[in-house]
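The structure appears below as structure tokens.
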Amino acid sequence: MEEIVMVFSDDAHFLINDINRLQAEKIARQIKDSGVIVSPTLTILAGIENFTDDARFDALKKRPITAYLSRSEYENYTTAGKEYRSEFILSAKGRKGVAQLIRNTRVLTRALHAAGVPMLVGSDNFGMQITGFSYHDEMEAMHKAGMPAYEVLNAATVGSARYLKRQASAGTLSVGKKAEFVLLSANPLADIRHTRDVQGVMLKGHWLDRQALAQGLQGVAAARQLELAASNALPGTQ
């Protein structure tokens with residue numbers, strides 16, 4: 001979504017022009033008429049503010065799920081002067097521009113949904129985003145931007161299947177379709193955050209309960225620890 005905002009801004013100098021409601025509605029109509037499908041990726045942009053605020057940055061590094069990041073990724077995003085910890089991003093101009101981008105992408109997301117533009121859920125994997133976990137973050141962000149929980153869930157399931165031309169075999173629970181779904185312990189229509197309350201996953205006809213899912217995550221964390229140990233054993237590393 002931020003790419004749409006930048007079309008109407010000064011990209012070279014990172015000067016963000018605010019998009020008002022009428023402009024957003026006009027843009028949304030044009031996108032609707034074009035037939036383009038949009039994946040907003042709101043969380044990757046909103047997440048930049050986790051790097052520009054020192055307290056939030058410390059909390060980001062200490063998240064339990066950070067254990068699933070590779071050493072190279074962790075160092076790339078936490079080293080001073082790199083990526084979102086660059087001098088420009090941390091400057092007053094950089095922070096202001098990021099805040100404006102976040103605000104405008106939410107305005108556009110709301111306008112595109114109101115205009116009936118097909119939406120998809122996709123979190124990207126930049127800025128210490130943890131694949132899978134960030135998908136839930138994205139659904140929450142789309143909901144906060146103005147999309148009803150049902151429409152967010154629809155974008156994550158039916159919308160994805162249609163985009164991939166797999167609606168005949170995926171996207172909904174129907175006789176004859178592939179046995180692939182997530183079982184939750186609470187209703188996400190009542191609170192979109194309940195998508196995190198995963199009790200199990202049916203994948204390619206195989207049932208993975210909470211224990212199996214936890215074991216999978218433990219395996220990832222263990223692999224990262226081995227990577228760290230191997231890296232520290234090399235000459236010149238710490």
Can you tell me if OH on Y150 sees more than 12 non-hydrogen neighbours from other groups inside 6.0 Å?
-> no
NZ of K26: more than 12 outside heavy atoms within 6.0 angstrom?
-> no
Can R196 and D137 be counted as an ion pair, charged N to O under 4.0 angstrom?
-> yes
Under the criterion side-chain contact (heavy atoms from CB on, under 4.5 Å), which of V152, L153, L112 is the partner of M147?
-> V152
For R85, does the CZ atom have more than 12 heavy-atom neighbours from other residues, nucleotides or ligands under 6.0 Å away?
-> yes
So does R210 have more than 12 non-hydrogen atoms from other groups sitting under 6.0 Å from CZ?
-> no
Is it the case that more than 12 heavy atoms not belonging to K177 sit under 6.0 Å from its NZ atom?
-> yes
For residues M139 and I192, report the shortest heavy-atom separation together with the two atoms involved.
-> O-CG1, 4.1 Å
Step through the shown structure and confirm whether more than 12 heavy atoms of other residues, nucleotides or ligands are within 6.0 Å of CZ on R103.
-> yes
Please indicate whether K61 has more than 12 foreign heavy atoms, meaning atoms of other residues, nucleotides or ligands, lying under 6.0 Å from its NZ.
-> yes
Donor-acceptor contact below 3.5 Å, side chain S34 vs main chain V36 = yes
Tell me, yes or no, whether the heavy-atom count around F14 atom CZ, taken from other residues, nucleotides or ligands under 6.0 Å, exceeds 12.
-> yes
Which atom names give the shortest non-hydrogen contact between A28 and A115, and what distance separates them?
-> CB-CB, 3.7 Å
Pair D191, H194: side-chain N/O donor-acceptor within cut-off below 3.5 Å | no
Give me the one residue out of I65, I44, T78, N76 that meets side-chain contact (heavy atoms from CB on, under 4.5 Å) with M128.
-> T78
Which atom names give the shortest non-hydrogen contact between P188 and T195, and what distance separates them?
-> CB-CG2, 3.8 Å
T172 versus S174, side-chain donor and acceptor atoms under 3.5 Å = yes
Residue pair R224 / A67: nearest heavy atoms and the distance that separates them | CG-O, 3.3 Å
Are side-chain N/O atoms of E73 and S70 paired as donor and acceptor at under 3.5 Å?
-> yes
